[in-house]
A.B. asks: 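First the structure, which I've put down as structure tokens, then a few questions once you've had a look.
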Amino acid sequence: EILRRFLTDHKVSLSLGNRIIHFLKEVRVRSREVIYNDVPALQLLPPSLSVELHYEAYCEFLKEHTLFHHFDSVHRATMEEICHSAICEKIHSKGEEPFRSRTV
């Protein structure tokens with residue numbers, strides 16, 4: 001397989017190589033949900049429809065927290081803007097690190 005050849009040619013440690021191969025196998029096997037960026041046609045929506053779509057898609061998740069639940073009932077327009085501009089979907093596979101600290 002070309003991946004193993006790459007890892008060997010670049011003298012990647014066996015430990016790291018095995019972790020990479022295992023991770024990629026998990027990604028292939030795992031079926032994932034469709035996220036916004038997977039649907040190019042959604043990029044064509046006018047802003048008003050896009051805002052409504054994001055609100056309906058993400059608001060219920062946010063409202064699980066008491067603060068957002070209250071905020072939505074008091075100021076829906078702001079919640080629509082939060083759902084539209086402050087949320088970005090990203091699917092993480094088992095074993096993938098969603099956050100990584102950087103040391104300088």
A.B. asks: Given the rule that I, L, V, M, F, W and Y join up when any side-chain heavy atoms are under 4.5 Å apart, are V51 and Y58 in one cluster?
C.D. replies: no

A.B. asks: Between atom CZ of R4 and atom CG of N18, what is the distance when rounded to the nearest 0.5 Å?
C.D. replies: 7.5 Å

A.B. asks: Should the heavy atoms of other residues, nucleotides or ligands under 6.0 Å from CD of E56 be counted, would the total exceed 12?
C.D. replies: no

A.B. asks: Between atom CD1 of I87 and atom SG of C59, what is the distance when rounded to the nearest 0.5 Å?
C.D. replies: 8.0 Å

A.B. asks: Please report the closest heavy-atom contact between L7 and G17, naming both atoms and the distance.
C.D. replies: CD1-CA, 3.8 Å

A.B. asks: Measure the CG-CG distance between L49 and L42 for me, rounded to the nearest 0.5 Å.
C.D. replies: 10.5 Å

A.B. asks: Could you tell me which non-hydrogen atom of D72 sits nearest to which non-hydrogen atom of M79, and how far apart they are?
C.D. replies: CA-CG, 3.4 Å

A.B. asks: Same hydrophobic cluster for L16 and I21, using side-chain heavy-atom links shorter than 4.5 Å among ILVMFWY?
C.D. replies: yes

A.B. asks: Excluding sequence neighbours, so at least two apart, what forms ring-ring contact (aromatic ring centres under 6.0 Å, His included) with Y55?
C.D. replies: none

A.B. asks: Flag yes if more than 12 heavy atoms outside H84 fall under 6.0 Å of its NE2 atom; otherwise flag no.
C.D. replies: yes

A.B. asks: Using the rule that Ile, Leu, Val, Met, Phe, Trp and Tyr join whenever any side-chain heavy atoms are under 4.5 Å apart, tell me whether L62 and L67 fall into a single cluster.
C.D. replies: no

A.B. asks: Might you point out which heavy atoms bring H54 and C83 nearest each other, and give the distance in Å?
C.D. replies: CB-O, 3.5 Å

A.B. asks: Can you tell me how far OG of S48 sits from CD of E80, rounded to the nearest 0.5 angstrom?
C.D. replies: 10.5 Å

A.B. asks: How about F71 and I82: do any of their side-chain heavy atoms sit closer than 4.5 Å?
C.D. replies: yes

A.B. asks: Do you know which two heavy atoms are closest between F68 and K63, and how far apart they sit?
C.D. replies: O-CG, 4.0 Å

A.B. asks: F6: what forms a side chain to side chain contact (heavy atoms under 4.5 Å, CB included) with it, not counting sequence neighbours?
C.D. replies: H10

A.B. asks: Are L45 and V39 in one and the same hydrophobic cluster, where Ile, Leu, Val, Met, Phe, Trp and Tyr link if side-chain heavy atoms are under 4.5 Å apart?
C.D. replies: yes

